[in-house]
Structure formats: C-alpha cells, structure tokens
Number of protein chains: 2
Amino acid sequence: MGEHRATLAAVAARAGVSPSTASLAFSGSGPVAQSTRERVLTAARELGYAGPDPLARSLRRGRSGIVGAVVGERLLYAFRDPVAVALLDGIAEALSPSGTGLLLLSGDAQHGSPTPEQVSRLPVDAVVFAMCGRDDDPLLDLFIGRGVPVVAIDGPDRPEVTLLRIDDYGGALDLAKHVAGLGHQRVAVAALPLRLDGRSGPVDDARRAAGGFADCRARLTATEDVFGRVPVVEAPSNVVEEGERAGRLLLSAPERPTAIVAQSDLLAVGVIRAAEALGLRVPDDLTVVGYDGIDTPWLGERVLTTVVQPMAEKGRITGRMVTELLAGRRPADANLPVHLRVGTTSGPPPA
Amino acid sequence: MGEHRATLAAVAARAGVSPSTASLAFSGSGPVAQSTRERVLTAARELGYAGPDPLARSLRRGRSGIVGAVVGERLLYAFRDPVAVALLDGIAEALSPSGTGLLLLSGDAQHGSPTPEQVSRLPVDAVVFAMCGRDDDPLLDLFIGRGVPVVAIDGPDRPEVTLLRIDDYGGALDLAKHVAGLGHQRVAVAALPLRLDGRSGPVDDARRAAGGFADCRARLTATEDVFGRVPVVEAPSNVVEEGERAGRLLLSAPERPTAIVAQSDLLAVGVIRAAEALGLRVPDDLTVVGYDGIDTPWLGERVLTTVVQPMAEKGRITGRMVTELLAGRRPADANLPVHLRVGTTSGPPPA
DNA sequence: CGATTCGATCGAATCGATTCGACCGCCGAA
DNA sequence: TTCGGCGGTCGAATCGATTCGATCGAATCG
C-alpha cells in the first residue's frame, strides 16, 4: 500500500516510448503501431499499471463522468418513494451508455450532514434536482455559481436551469372535477410536505403563504379552485405511515369529509388504512384519491383512483437532457402530460 | 458559457497576491492576514469565482471525495429491495459527516450498460460491494488492480477486501431447526438468485455446482443440513412477484411441501400470496418463513417468521470501515449476529 | 527521381490547484 | 544588541495524464 502506484510515465519509460505515445496506446485515439501498443501493454502489466488515473484524466478532460442527483434530505426517504426510485432508475438508464455515474447528494439537512458548500465541491459534470423543488435551495445557487449545468424535475424555476415538469395543476384539476362530479362537497386534502422542515399537521394561513415545493402547491391550488378553501393536513414526508396519521386527523374532524384528496398515492394508501381502522369502507363511506400512479400492492384487488404520471419516462427524458447539456447544447424545457385513472376507491358520497 | 471560468491564479493576480496565498485564503489552512483574505475574497466575487475547481483539487489531494456502491444489475432492483436500501442509507449516513458522496455503480449488466472497464474508470476513493457477492465479479478485479480499497458486504471473499458478513449459515440453521421442530418434513426452498443472469426455475445439479452468491449458498446449505436435499426454485431477482411465481411452481409439485423456506422476506411474501391464490391458508395449510426481518406491510396483521439481520447497522459499520480505509488503516473483518423471530406464518404441518 | 503524403512517434504545454521550503520583517527574550 | 521564533507571503515543484504541433522515415505518385 505504501509504495506509489505506477504512472503512465513509468510505463512509457519501461516500454521505451514517450508518455504521449503510451497515452495513445491506452486511449486508442490516434495511430499507434501494433508492436508498440503491445510493448506498452506488456510494460504496464509488469508494473501493475491498471490504466490512467481517473483523477488526472478528469482534470485534463474537464469532466469527471459523474452526474449528481439531489434527493431530499435523506436517502432512506427518497428510496421509499416509488416515484423517486422510478425517476432515478430512468436517469441512470439514460446515462448508462456513456458510462456516466449517478452520485447521490442528500440535500440540505440537519446534524452530521455535509454542508451545501461541501456538497458543491464534489466533482460533478451536471446536477439533477430530482425532488426538492424549492426555488431557494442553497445548493442550487452554489451549483449555478460554479457553472454546473442543472436539470430540475418539477423543481426550482430559474433561468439557468433546464426544467422538466408534469402538468401538476391540470392533473389535479381533472381529479378534483371527477370527485366533484361524483357529488362530493366536504373534501379535505392530505398534502405532501411543503418544505422539508419536519412540520406536519393542519396547514394554517402562514404556512400556506410561506411558499414551498411547486408540485405540492400546484396540486393544492387546483383542488381549491374546484372546491374552494378546504382543510389541509400536511405530512412531513411521503410515506404510507404519515398518510395514515394525516388521515386519522382529517377523519376525526367534527364535520367528517366525504372525500379525501391525497397528494400522492403513498399518502392515499395511508389514508385508506386510517379509514379502515375507523371502520369506514372505501369508497362506500369515504372516497380517497391519490396522485402519481404507482403500483400499490398494499391495496389488494382495489385500484386507486389517481392521476398517472409517466415516471420512468420522466427519468429517461431527464437523462437525455443531461446528455444534451454535457454536449454543450441547451435543451428546451419540457412539460409532460398526465392522465386521470378512475379506479375503485372513488364513488358517490354516502346518502 | 463559452468563456472560460476564472481560475484561482486569475483571482490571485487581481488581488495582487501569489496563487499560493490565494489558495490558503480559500482553504483556511495556513496563516493568512485578515486583510489579505478579504482582498482575495473580493477579487473572487468580482470575477465570479466560486471556489477551487473540484477536479484540480482532487488530483492534487489524491482523493475525489466519492465512494462507489456497486448495486446489482439495475438501480430499480436495488431500490426495490428494502435490505439494500437500508444498507445504502446506513452507508450514506456514516459517510455524510466527511462530505463524502455515494456513487451508484450498476454492476455487470447487459445491453447499453457501461462496461466494467468504463465503470472502474470513475474517480472513486473506495468501493463498496453492497449486494453482488460473486467472487469472480470482473469489477472487483479491476478495482483491486487499481489499488482502490474495497469493502464487501456478504460478498466476494478476497484477501484484499475488507469483509462484513452476517451469520447467514447460523441464522438459516436456526430457522430450519424451528421448522423441523414444528414437525415438517416435506420442505422446499424459494431461493434468491444464484447469479444475475436472469435464470429462474428449478435448480438442477449443474446450477448448484456453478457457484454464485455466498449468502444464498450459505442459507441453502444450512437448510439442507437439516432436511437433506430439498427441491429448490430460484427467483431471478428479489421481488415479491418472483416469490409468487416461485411459490406457484413449488406448490404445484405432485408432493406438495408443507413448509416453504424463502431466502428473503420479499420472496416469502410472494410465496404467501401464491398460497392464498391457491386457497391455502398460512400457517394452517402451509408454513412460510423468510429471511432479513424487513417491514412487511403487505401482510397486514400477520408477522412473518424470519431471521432478523441488523440492516441499518450493517450500513453504518460499512461506512465506518470505508472511513478507516480512507484514513489508511485496515479495519478487521466483521461478522454480525442475526436472530430468529418466530411470527405467525409458521406452525405445525396439517394433519 | 523528386515531391507529397501518411503513419508513427516525440516534446512540450496544459488542466488548476496544493504544498513544501524559503524568505522577510518584527517582536520579545537573553 | 542580537538571536530565535513566528506570522505572513511567495516561488516553484508536483499531482498524472492528454493533446497539439512538429518531426522523421518510408511509401506513393506523377
């Protein structure tokens, strides 16, 4: 371990050629005589040289071959979210052919976590903001300041970033109209986190006014454009358990809602659980709708009424956008359509 | 975009100091007069310089600040596996304080994927083989050849790698004894993939002899040390659906087993589904046991009989091992204990 | 047979920062 | 008064490869 690793120069010396020739022999770019190449390769083997140092290579080429993906506060939460997983998978898939790696960056967080400055010092060729769409994310400023190309998914809207959106408002509007069309009037919302500060529970005016994730806000606006002001309970993270807690809270209100609009499928599953724990049947006693269109194995035969968004494609398109940016081109922003899927968890309100 | 980004040298020139002083002003190591530092920082702001180039910094320091995590064939599969997710989360958590990033490397795969050579050219300071424990993984050779420190979880056993294991054999043995103690004699196994080649179905002698993942083999050996040779059906990946397929296959055998030992909890859930689809009740008509000890929300009130392994801790210990290796020390291999958890999915065989 | 290419190889500059050793005042201690 | 030490700054070497332009011999062509 102590001994220094062989360098290209050492290999070249041993093979009796210049470093430049040795480099060509390895990279394959440029003409090298068959015999020379073999001599170099032999020398390399003898010295235990495994190829050019990635660090030096990166510096010279100006690329590290790594793309960063900013995923919320903690990996665990990101991985529990099927939407995020599908996204990351799509990105990785699109990036794979070029040998580009995906680096997970956990965003702004609390104790023990790296500071945004530390994070922005990692050698990435581009960054994807996968799921933390606050316009004022400090990481965003740092990367933009560094001149690192940024793609944002449903995320911070800035002139410098390439944006990929889904039609959050439109989807939520279709959904709300569907629920309204069934005859519901007392509706409540189980909301995604407005920001990652761990807060949960009823959303008051101050909280509403305080900004937050774009997707969450767009969906809420659409719902209230149909039903007017409705009670909203915010979940601190997008997991089933928090949906259940939010559901319990909403269902214990004096005027129980006849329909609950959950802002994600995971929350919807939680709400359904909460309802069943209270002895309510879905959809007979309570209509529950979600958002995203993920697989919901928890629901058995039932099919969740929800808005389906093209998750995997979102990831792939993101990957392609990154590829474009790395090639020095600036792709246009994109806006993907969503569609309403009417399942078996929505029905008319009880008589 | 086209214009070159400012360099530290440019900043230094503008501030009227030498590059070395400017460097010290940024890194904070070494004494710099307050006034000088401010002059440098001002010059930097004026030139839009956001701090030292990570690539150059990496080369000089000999570190990229990135640790690679090799996760099976495709990200999607890794993320669907709660064990893997808990692991990665633990690793990230342990690595976080030092600002080290986690780079996902999808292992040896098929079309479109990067070649192992490409992958091994990424600038990583260390690599964790999180879940693909084949001794002959080509990536492993490449990284070892490069002198990159490697930590393997339940993985390839090589003198160069630091190993973190759980007591796979012991746990599986306890489990098998439990099942045997209940009186079962006709037992079958739903196995994890022996290798990532997409094969599935009954495991024949050739396949048994062909090596494969260490954890899978150890668990199988323990089971057969108790019950003798048993029928084995291999799942091509560790997901519920494949467990269900394997379950259907095992349960359609002429001599139906009274107990099925699944090599993971996800597979066990699938087997239970298959059983219920056939009208069998668990555990009255069929005993099903798993491995891992993950949360199984799919099972409702039931508790899976399984072997619980300390997943999150595994991740954290891995992270600490990596930290040690980066500090130039060589930590000792570790072997974590597991324990049997008797739930409600195992019982005596039907009369 | 001389001019022109083309293939193979080499030299040297470059990527952008870090860091070791040297240097220079200046202050306090002997 | 002089020397040791320290805060502050600078020069220059270094990290390890890539790449552009130049060179040189041999083969091709007119």
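First the proteins, then the strands, lettered A, B, ... as listed; each starts at 1.
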Salt-bridge test for B:Asp154 and B:Lys314: reply yes if a basic N is under 4.0 Å from a carboxylate O, no otherwise. yes
Distances for protein N/O vs nucleotides 19-28 of chain C N/O pairs under 3.5 angstrom?
none

Atom-pair distance (CG on A:Leu55; P on C:dA17), nearest Å: 15 Å
Between the main-chain N or O of A:Val17 and the side-chain N or O of A:Thr21, is there a donor-acceptor pair closer than 3.5 Å? no
Given atom CG of B:Leu59 and atom P of D:dA17, what is their separation to the nearest angstrom? 9 Å
Do B:Arg330 and B:Asp333 touch side chain to side chain, with heavy atoms closer than 4.5 Å? yes
Can you measure A:Arg146 atom CZ to C:dG16 atom C1' for me and round it to whole angstrom units? 12 Å
Sub-3.5 Å donor-acceptor pair from the side chain of A:Thr323 to the main-chain atoms of A:Gly319, do we have one? yes
Listed partners of B:Arg14 passing salt bridge (charged side-chain N to carboxylate O under 4.0 Å, His left out), at least two apart: B:Glu46
Where DNA chain D forms runs of at least three Watson-Crick or G-U pairs (i with j, i+1 with j-1, under 3.5 Å), the stems are C:1-30 with D:1-30
Partner residues of A:Asp125 under the side-chain hydrogen bond (donor to acceptor under 3.5 Å, both in side chains) criterion, sequence neighbours left out: A:Ser64
Tell me the interatomic distance from B:Arg63, atom CZ, to C:dT18, atom P, rounded to whole angstroms. 16 Å
Across all chains, not counting sequence neighbours, the side chain to side chain contact (heavy atoms under 4.5 Å, CB included) partners of A:Ala9 are A:Thr7
Any residue of residues 31-52 of chain A with a heavy atom less than 4.0 Å from an atom of DNA chain C: A:Pro31, A:Val32, A:Ala33, A:Thr36
Determine whether A:Ile153 and A:Phe129 make a side-chain contact, defined as any pair of heavy atoms from C-beta on separated by less than 4.5 Å. no
Looking at A:Arg316 and A:Glu93, would you say the former's side chain and the latter's main chain have a donor-acceptor pair under 3.5 Å? no
Approximate separation, where rounding is to 0.5 Å, of A:Leu139 CG and A:Leu105 CG: 7.0 Å
Closest listed nucleotide, where the reference is the side chain of B:Leu8 and the choices are C:dC10, D:dC15, C:dA17: C:dA17
Is it true that A:Arg158 and A:Asp141 have a side-chain N and a carboxylate O under 4.0 angstrom from each other? yes
To the nearest Å, give me how far apart CZ (A:Arg121) and C1' (C:dA17) are. 13 Å
